[in-house]
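Input: a single structure, listed below in structure tokens.
Chain letters run A, B, ... following the sequence lines, proteins first, then strands; residues in each count from 1.
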Amino acid sequence: MHSIGMWQKLRTAYTTVYQWLDERLGLGEMYTNLLDRPEPLGNWWNTLGSASLFLFILQAATGIFLTVYYTPSPDHAYDSINYIMTGVAFGWLVRGIHHWGATLMVLVVFIHMLRVFVTASYKYPRELTWLVGVGLLLLTLGMGFTGYLLPWNQKAYWATTVATQIAGSMPFVGDFILKALRGGPDLSALTLQRFFAAHIWILPAVLIALIGIHLYLIIKHGESHFPTKED
Amino acid sequence: MSGSNHLSRRDFMKVTTGVIGGIITVVIGAPVIDYLVDPALRAGAKEAWIPIGKLDSIPIDKPTPFAFTRTQVNGWERTGTSFGGFIIRRSADPKDILILSSRCTHLGCSVNWHADANEFICPCHDAKFSKEGKVLDGPPPKPLNQYTDFKVDGDGNLLIFFKEG
Ligand code: HEM
Ligand code: FES
């Protein structure tokens with residue numbers, strides 16, 4: 001008996017607080033717009049954008065946790081990763097998720113783009129959604145590119161040497177781009193540090209902004225209907 | 001369906017999403033907490049017997065300095081920390097030994113023995129300690145620390161028991 005009374009009091013308290021917040025923040029409205037918006041009859045292919053978003057959040061969370069131990073300096077990067085893998089409880093799990101999540105995210109984002117292409121959802125009025133999407137794909141690839149160097153092991157070192165070399169083979173501007181990417185003519189501490197800055201600050205900041213625009217446009221236009229036979 | 005006691009498809013989806021989301025959060029969240037606090041839990045007290053000199057070569061009634069270095073592995077880095085002190089043999093009795101730490105109890109500078117003044121003097125804020133480590137003058141709140149656990153092994157080495165932290 002007593003516990004039922006408690007329960008009801010809690011419920012009223014919750015309702016009061018919720019209503020107070022709802023009046024000011026429009027929580028109910030937000031919920032309807034974000035999560036209860038009408039969707040055309042779709043299929044599992046329509047979930048890939050949300051899957052990309054989920055993977056991005058997962059990468060952001062695990063990435064932040066990795067920075068608790070990772071050190072972006074040539075004499076400590078490799079050792080600090082070694083420490084994460086063998087010295088810290090569940091370090092292998094946090095790094096494992098981030099490592100495999102990166103590959104999976106590229107894959108999922110790419111298939112998401114393919115489905116938008118196949119269903120011709122990039123047409124009016126969604127051209128900008130598509131354009132922003134192209135930016136998202138490039139940024140996702142950029143995250144993979146900059147993140148790959150961070151362990152500072154042989155594989156990472158040479159992969160980055162080769163990739164920046166390729167960027168450097170562009171006519172006219174190649175040499176400048178190579179030096180800008182590496183922070184000098186060769187791979188060095190400066191390269192590692194600027195890849196780190198790009199990987200944890202610059203690219204994610206732009207990525208978050210573009211995801212925001214992408215989602216705003218999706219909510220504004222609603223999702224496209226699947227093309228019918230007549231289309 | 002509506003009006004019956006059964007869960008609607010919508011509510012079923014909501015509950016399922018909530019439950020799966022909750023499981024993912026816990027499965028990833030719990031290990032992450034361990035991941036974050038792990039180094040703090042590992043910093044257990046490390047202890048060792050450390051040789052600081054041959055008893056025979058230590059003069060009686062004269063503070064004799066000693067020093068040793070301990071290496072700590074902090075994650076991916078090793079740090080060497082130096083420790084030092086003075087051995088004061090009050091008499092020929094191998095048990096009658098006072099071993100003081102040279103770390104000033106004020107803010108941690110190393111004190112020096114000044115034979116002429118018969119005092120330990122700290123260079124930082126001019127504190128003075130007696131030969132027995134008592135504060136004679138200056139800001140230190142308590143006497144010099146002592147290594148009370150010591151022994152002489154079969155080869156005549158004087159060892160002190162050292163505990164980190
Ligand atoms: C970080 C990467 C990305 C995230 C987080 C993301 C997120 C989303 C989400 C949540 C949706 C809702 C519908 C759905 O899931 O299919 C969506 C739709 C859409 N996305 Fe993406 N997306 C990303 C990358 C891309 C890329 C690379 C493109 C194309 C170049 C693109 C183009 C579009 C278009 C045109 C729509 C509207 C589809 C429709 O209305 O049917 N997105 N996106
Ligand atoms: S540190 Fe020795 S007197 Fe202040």
Please flag which part of [X] lies under 4.5 Å from any non-hydrogen atom of chain B: side chain, backbone, both or neither.
X: A/Y78; result: neither
X: A/V94; result: side chain
X: A/F90; result: both
X: A/L58; result: side chain

More than 12 foreign heavy atoms under 6.0 Å from [atom1] of [X]: is that the case here?
X: A/M30; atom1: CE; result: yes
X: A/R194; atom1: CZ; result: yes
X: B/F161; atom1: CZ; result: yes
X: A/W158; atom1: CH2; result: no
X: B/K54; atom1: NZ; result: yes
X: A/R24; atom1: CZ; result: yes
X: A/Y31; atom1: OH; result: yes

* What heavy-atom pair brings B/D38 and A/A89 nearest, and what distance separates the two atoms? ->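 Looking at all heavy atoms of both residues, the shortest contact is OD2-N, 3.0 Å.
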* Asked: What heavy-atom pair brings A/Y69 and B/P39 nearest, and what distance separates the two atoms?
  -> OH-CD, 3.0 Å
* Interatomic spacing from CG in A/N82 to CH2 in B/W76 - rounded to 0.5 Å -> 12.0 Å
* Do the side chain of B/Y35 and the main chain of A/V88 share a donor and acceptor less than 3.5 angstrom apart? -> no
* With a 4.5 angstrom heavy-atom cut-off, could you sort out which part of B/I28 is near chain A: side chain, backbone, both or neither? =>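 The answer is the side chain of B/I28.
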